[in-house]
Amino acid sequence: MGRINRANLKKTIYYCKRNGIRRTWYAVRERLQERKKTPYVWVPPAEEELEAQRRGWERQGLNATFSIIVPAYRTKPEYLEDLVESLRSQTYPKWEVILADATEDDSVEQALRRMPEPGEADFDGFGQESPGTEEAGQGEYGVQDLKTAAGFSPGKIRYLHLKRNAGIAENTNQALPYAMGGYIGLLDHDDVLTPDALYRMAAAIREAQRRGTEPQMLYSDEDKCNGDRTEYFEPNWKEDFNLDLLLSNNYICHFLVMKRELMQELGFRTEYDGAQDFDLVLRAADRLEKREEAVLHIPKVLYHWRCHAASTAENPESKRYAYEAGRRAVQDFADRKGWAAKAVDTAHVGFYALRYQGDPFDSRSDIAAIGGRVVGRGRAAAGQPLRRGMTVGGRMTRDGQVLYEGLPANYSGYLHRANLAQDAEAVDLRNIRLRPECREIFRRITGVPYKVIEGTDMFDASVLPESEDVIRLSLRLCEALRAAGYRILYLPDTADSR
């Protein structure tokens, strides 16, 4: 709703039908205020920087290899050309692309043939049988032909023509056995990578290896672009791995890269078509429990998500089934964990919440504390603006920065994150609940017993000395809880006015 156009008007009407006039009024006000901010401009990497990457990757010891899987179906020739060109433009050369084409005819193949000669990056012979096809496991869907080379061949475009369109999950599964790179990346057939995407991934992998960690899953920031890529907008500046934020929304999304063995083992589940990537990431997160250092975030836009009338990015109703599949993927995660919780939709399409049956502490032994927003009901210090109805506390970074500070209580914030459950480094003592086993740690850190507000199990912050620095104390407590191996959960719908 931040850009006034036909698509956003559709989104507003859809939002109003789901959530009513009052919520829509606040949502529109918030988006209109966002329009007053400095507009986003994607600035491509300077040619000097790209040339340094082309010349320097080998000297830096970068050696990761990437298989980029692209499920294709009736792909427009201009989109296909953009996609292929974005790969040929990569400053890091150790990649191959596997195009799994489910189109009924040979239009995509012919579009590939009509492309200009790519030089070293070439197509491997059409119509040739892949070595090891039987071992790859064609299943009932099979392949008609595959262009391939024996072993990993950098810069190669490998083509599979699937016998029929079995849905995006199964179509992608058909390509997985042919991946020969150490890592598999996922790219939609109408999107593009920035020219430094694979270099940044390879550099992050090498740096982690130097620290003694073998990365299993990597993701980058992303933005959206219009059909002809003349405008870039809605950047998604992501957080480092945050399990509960992931359970609220697939914030990882694009550009996703995963260790080949892990992705091949997990595969894509057809019952989650439309949210198959989200389901994959959730199952990978489950597999990597207590190994979260193996999940890397590259804080740079490396992926452009193209918006057009049929895309999910442009029109949320175009693939409503995808959002329903996403909710079921969250529910499946909770069920596998044995949590007594129900995944539900929130006011915003594609964003979810887990409603716990009973106390979340009963379901989740990993959580030590639950915190919520602290909303001001008076003025701030002299000379400061009126803070009534504004967020003044809640989720904090470990250095004391209050996330969502100053945000009106009825606003959802950047990408609705102020309204989503998420892991926190720290939460405010003025709105906190503590699991019983951790209350001795609380007493030791704060110097006061854990007294609750009558009728609740929320901490009664009035027992703290008036001279106490609440933020400092909150940080110390949460640091001790995290050191004891616990998570801290931020639930913004547990708001308290101060």
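By convention here, the first residue in the shown sequence is residue 1.
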Supply the atom-to-atom distance [X] [atom1] to [Y] [atom2], rounded to the nearest 0.5 angstrom.
X      : Y      : atom1 : atom2 : answer
Leu62  : Arg200 : CG    : CZ    : 11.0 Å
Lys156 : Glu96  : NZ    : CD    : 11.0 Å
Thr65  : Ile205 : OG1   : CD1   : 8.5 Å
Ile157 : Ile68  : CD1   : CD1   : 12.0 Å
Asp277 : Leu282 : CG    : CG    : 11.0 Å
Leu187 : Phe66  : CG    : CZ    : 13.5 Å

>> Set out, in order, the CA-CA distance, both residues' side-chain angles and the distance that settles side-chain hydrogen bond (donor to acceptor under 3.5 Å, both in side chains) for Gln60 and Tyr199, then state yes or no.
In response: CA-CA 11 Å; Gln60 295 168 37; Tyr199 173 88; 2.8 Å; yes
So do the side chains of [X] and [Y] get within less than 4.5 Å of each other, counting heavy atoms only?
X      : Y      : result
Phe241 : Leu246 : yes
Pro299 : Asp221 : yes
Asp332 : Arg269 : yes
Ile168 : Asn171 : no
Pro408 : Asn410 : no
Arg74  : Glu104 : yes
Leu83  : Leu87  : yes
Thr172 : Gln276 : no

If you take all heavy atoms of [X] and [Y], which pair is closest and at what distance?
X      : Y      : answer
Asp423 : Arg487 : OD2-NH1, 3.0 Å
Tyr219 : Asp240 : OH-C, 3.1 Å
Asn419 : Tyr411 : OD1-O, 3.8 Å
Leu112 : Tyr159 : CD1-CD1, 3.6 Å
Leu198 : Gln90  : N-OE1, 3.0 Å
Ala111 : Leu80  : CB-CD2, 3.8 Å

>> Check whether Tyr178 forms a cation-pi arrangement with Arg158 (NZ or CZ under 6.0 Å from the six-membered ring centre, at most 45° off the ring normal).
In response: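 Not flagged: Arg158 not positioned over aromatic ring of Tyr178.
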Using a 3.5 Å cut-off and no angle test, enumerate the donor-acceptor pairs between side-chain atoms of residues 40-48 and protein atoms at least two apart in sequence or in another chain.
residue: Tyr40; atom: OH; partner: Asp223; partner atom: OD2; Å: 2.7
residue: Glu47; atom: OE2; partner: Arg54; partner atom: NH1; Å: 2.9

>> Using side chain to side chain contact (heavy atoms under 4.5 Å, CB included), reason through Met258 and Leu280 one step at a time and then give a plain yes or no.
In response: CA-CA 10 Å; Met258 192 175 290; Leu280 171 71; 3.9 Å; yes
Does a sphere of radius 6.0 Å around [atom1] in [X] hold more than 12 heavy atoms from other residues, nucleotides or ligands, not counting ones at 6.0 Å or beyond?
X      : atom1 : result
Gln264 : CD    : yes
Gln331 : CD    : yes
Arg210 : CZ    : yes

For the pair [X] (side chain) and [Y] (backbone), establish whether a donor and an acceptor sit closer than 3.5 Å, ignoring hydrogens and angles.
X      : Y      : result
Arg306 : Gly227 : yes
Ser89  : Ser86  : no
Tyr414 : Trp237 : yes
Asp279 : Ala329 : no
Ser248 : Ala421 : yes
Arg482 : Ile488 : no
Asp101 : His161 : no
Glu222 : Cys253 : no
Thr91  : Asp196 : no
Arg283 : Gly267 : yes

> Hey, mind stepping through Ser220 and Met201 against side chain to side chain contact (heavy atoms under 4.5 Å, CB included) and telling me if it holds?
Replying inline: CA-CA 9 Å; Ser220 73; Met201 289 288 176; 4.2 Å; yes
>> For Tyr352 and Leu354: C-alpha separation, side-chain torsions, deciding distance, then whether side chain to side chain contact (heavy atoms under 4.5 Å, CB included) applies.
In response: CA-CA 7 Å; Tyr352 313 101; Leu354 281 171; over 6 Å; no
>> I'd like to know whether Asp228 forms a side-chain hydrogen bond (donor to acceptor under 3.5 Å, both in side chains) with Asn226, so could you lay out the CA-CA distance, the side-chain angles of the two residues, the decisive distance to 0.1 Å, and finally the verdict.
In response: CA-CA 6 Å; Asp228 58 6; Asn226 61 353; 3.1 Å; yes
Just say parallel, tilted or perpendicular for the rings of [X] and [Y], cut-offs at 30° and 60°.
X      : Y      : answer
His254 : Trp305 : perpendicular
Phe351 : His348 : perpendicular
His304 : Tyr232 : tilted

Do NZ/NE/NH1/NH2 and the carboxylate oxygens of [X] and [Y] come within less than 4.0 Å?
X      : Y      : value
Glu239 : Arg395 : yes
Arg229 : Glu85  : no
Arg320 : Glu324 : no
Lys76  : Asp190 : no
Glu271 : Arg328 : no

> Using a distance-only test with no angle check, is there a side-chain donor-acceptor pair under 3.5 angstrom linking Tyr303 and Asp191?
Replying inline: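 Yes, side-chain donor-acceptor contact under 3.5 Å.
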> Under the ring-ring contact (aromatic ring centres under 6.0 Å, His included) test, which residues partner Tyr183, sequence neighbours left out?
Replying inline: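 Once residues adjacent in sequence are excluded, Tyr183 has no partner under the ring-ring contact (aromatic ring centres under 6.0 Å, His included) criterion.
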> Passes side-chain hydrogen bond (donor to acceptor under 3.5 Å, both in side chains), Glu425 versus Tyr490? Steps please.
Replying inline: CA-CA 9 Å; Glu425 291 179 325; Tyr490 176 71; over 6 Å; no
> What's the verdict on side chain to side chain contact (heavy atoms under 4.5 Å, CB included) for Glu207 and Leu296, showing C-alpha distance, side-chain angles and the deciding distance?
Replying inline: CA-CA 11 Å; Glu207 179 59 30; Leu296 302 184; over 6 Å; no
